[in-house]
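Single-structure report; data block below.
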Amino acid sequence: MDAIRIRGTKPLSGKITVSGAKNAALPILCATLLSEGESRLRNVPGLRDIKTTSALLGFLGRDTQVNTPDVIVSAETTPVRPMAPYELVRQMRASVLVLGPLVARYGKAKVSLPGGCAIGARPVDQHLRGLEALGAKIAVEHGYILAEAGRLRGAEIVFDIPTVGGTENLMMAAALAKGRSTLVNCAREPEIEELGRVLNKMGAQVEGAGTAVIHIHGKDELEPFDHAVIADRIEAGTFMAAVGATGGDVLLEHAPLDDLEPVVMKLRQAGIEIEREGQAVRVRRQGALRPVDVTTAPHPGFPTDMQAQFMALMTRAEGRSVLTETIFENRFMHVPELQRMGARIETRNNTAFVEGVDTLSGASVMATDLRASASLVIAGLISGGETIVRRVYHLDRGYEAIEKKLAAVGADIERIDLEGP
Ligand code: EPZ
């Protein structure tokens with residue numbers, strides 16, 4: 001099984017190109033179901049989750065050619081089979097994003113409940129309540145969501161909490177509903193704004209995507225699109241934390257600085273210099289690494305998807321930092337692995353207290369989820385000796401060739417084939 005071997009501690013220097021955003025490409029791929037024509041996506045990252053989504057679209061009846069950074073979803077030739085099976089959905093929770101488009105366009109859908117994952121229960125109650133408000137009849141039987149609807153009709157929907165997937169599912173459903181919809185207490189992530197741009201390219205009328213209130217005037221049908229996906233702010237933030245940890249100097253091409261404000265502010269407080277240089281962003285650290293407290297929050301707060309990476313950085317800060325995770329109930333699985341590398345971390349409920357240490361020592365560690373894996377790679381870069389990160393299939397879900405990108409800026413890192421799990 002693939003593993004990644006890292007020998008620390010080398011400062012990173014050179015240039016890294018940030019890939020397209022996974023969490024923008026996934027909903028946009030699902031949005032292709034809203035129209036019958038051929039759609040083309042550009043700047044799509046070469047990730048496992050992209051392959052999984054294209055396999056799901058194929059299963060539904062929409063052939064997809066994945067030649068990243070291009071992906072083409074072919075025109076509908078045979079009627080789509082609006083059924084997303086457990087075998088596919090369990091590989092990637094974001095598969096639930098086909099639910100809104102299928103109900104809106106085909107009037108029915110059978111989609112496996114995504115179930116929980118390592119970081120939390122991940123319910124979809126907000127998705128289902130929103131679809132019911134639009135007129136769908138929803139039942140949950142034998143682990144499947146069964147949805148039936150005539151033509152969806154516009155409605156006013158207030159989310160109990162800002163949910164990224166819930167907002168995306170209901171934007172796509174409302175785009176084909178009859179009449180107007182107002183979605184309130186929406187998630188405001190940049191990937192939501194991006195989905196709004198794509199839906200409008202398809203002929204939808206979406207206003208306010210990326211803010212807490214989104215107005216949608218539903219259409220009878222939508223057109224295919226050709227769209228280049230925005231850059232991945234979490235990948236960029238991960239590299240910024242890696243450079244800050246190693247004390248390097250790296251130019252990040254295509255880093256979406258404006259989408260990273262909360263992360264950049266916290267990294268700067270930690271002593272990392274982050275400056276725009278033309279279309280790129282220069283990241284470097286020469287002085288001491290200062291401890292900084294972080295509490296995750298929905299955008300525009302500090303993203304939960306950067307918590308693990310920031311914690312790895314703080315293991316070497318000169319002092320104590322406090323990290324509080326408010327979005328997911330179990331997103332500290334990187335902690336025991338970092339402790340095995342010599343990090344001094346105590347957790348109490350959803351708060352981690354990190355005492356910076358002078359050195360970490362390389363160890364064999366286990367990746368448990370996507371961002372925890374990135375945290376272990378960063379820790380490996382700043383550990384003496386050798387670190388082996390196992391189960392890197394987690395990493396491959398969200399990072400395109402991360403070991404190649406890091407090796408190109410001086411890290412001693414390579415992918416190896418290890419026996420056993
Ligand atoms: C998206 O997941 C991202 N995934 C996640 O990124 C990210 O961590 C998360 O948003 C939060 O920013 C994709 O975009 C594919 P949510 P999503 O619905 O949509 C609760 C990564 O690392 N909730 O915003 O599933 C939920 O339990 C991944 O790239 C409900 O209670 O997240 C959580 O506590 C991991 N009921 C909170 O809301 C619902 O119906 C936020 O979840 C839906 C969500």
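In listed order, ligands and their atoms are each counted from 1.
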Starting from atom 20 (C) of ligand 1, which protein heavy atom do you reach first, and at what distance in Å?
I161 CD1, 3.3 Å

I need the nearest protein heavy-atom contact for atom 36 (N) of ligand 1: residue, atom name and distance, please.
D125 OD1, 2.7 Å

Nearest neighbour in protein (non-hydrogen) for atom 8 (O) of ligand 1
D305 OD1, 2.6 Å

Considering heavy atoms of the protein only, find what lies nearest to atom 2 (O) of ligand 1 and give residue, atom and distance to 0.1 Å.
R122 NH2, 3.5 Å

heavy-atom search around atom 34 (O) of ligand 1 in the protein gives I327 O, 2.6 Å

Test of understanding: given a 4.0 Å heavy-atom threshold, classify the contact between T304 and ligand 1 as side chain, backbone, both, or neither.
side chain

For G166, is at least one N or O under 3.5 Å away from an N or O on ligand 1?
no

Which atoms from ligand 1 have a heavy atom of V124 less than 4.0 Å away?
39 (C), 40 (O)

Are T163 and Q126 close enough that a side-chain donor and a side-chain acceptor fall under 3.5 Å?
no

Any carboxylate oxygen within less than 4.0 angstrom of a Lys/Arg side-chain nitrogen, looking at E132 and R129?
no

Within ligand 1, which atoms have a heavy atom of G165 less than 4.0 Å away?
18 (O), 19 (O)

I'd like to know if D305 and R331 make a salt bridge, using a cut-off of under 4.0 Å between side-chain N and carboxylate O.
yes

Just to be sure I read this right, does ligand 1 sit under 4.0 Å from the backbone of R371, its side chain, both, or neither, counting only heavy atoms?
side chain

In terms of residue, atom name and distance, what is the protein heavy atom nearest to atom 15 (C) of ligand 1?
N23 OD1, 3.4 Å

If you count the atoms of ligand 1 from 1 in the order shown, which ones are under 4.0 Å from a heavy atom of Q126?
36 (N), 39 (C), 40 (O)

Can you tell me which portion of V164 lies within the under-4.0 Å heavy-atom range of ligand 1? Options are side chain, backbone, both, or neither.
both

Do any heavy atoms of R93 fall under 4.0 Å from ligand 1?
yes

Closest to atom 27 (O) of ligand 1 (heavy atoms only, candidates A372, G120, P123) is P123

Honestly, for T163 the part within reach of ligand 1 (heavy atoms, under 4.0 Å) is both

E329 contact mode with ligand 1 (heavy-atom cut-off under 4.0 Å):
neither

Can you tell which part of R331 has a heavy atom less than 4.0 Å from ligand 1: side chain, backbone, both or neither?
side chain

Between E273 and R284, is the closest basic N to carboxylate O distance under 4.0 Å?
yes

Any carboxylate oxygen within less than 4.0 angstrom of a Lys/Arg side-chain nitrogen, looking at K108 and E148?
no

Would you please say whether a donor-acceptor pair under 3.5 Å links the side chains of E191 and H299?
no

For ligand 1, does I234 get within less than 4.0 Å through its side chain, its backbone, both, or neither, judged by non-hydrogen atoms?
neither

Counting from 1, what ligand 1 atoms have a heavy atom of H127 closer than 4.0 Å?
40 (O)

Quiz question: by atom type and distance under 3.5 Å, do the side chains of T182 and E156 form a donor-acceptor pair?
no

Under 3.5 Å side-chain donor-acceptor pair for S74 and Q65
no

Within 45° of the axis and under 6.0 Å from the centre of the six-membered ring of F353, does NZ or CZ of R348 qualify?
yes

If we number the atoms of ligand 1 from 1 as shown, the ones under 4.0 Å from a heavy atom of K22 are 21 (C), 29 (O)

Using a strict threshold of under 4.0 Å (side-chain N to carboxylate O), is an ion pair present between K22 and E235?
no

Is a side-chain donor or acceptor of T68 paired with a backbone partner of P45 at a separation under 3.5 angstrom?
no

Donor-acceptor pair, side chain of D369 and main chain of A372, under 3.5 angstrom
yes

For atom 32 (O) of ligand 1, the closest protein heavy atom turns out to be F328 CZ, 4.1 Å

Could you tell me whether R415 and D2 make a salt bridge, using a distance below 4.0 angstrom between a side-chain N and a carboxylate O?
yes

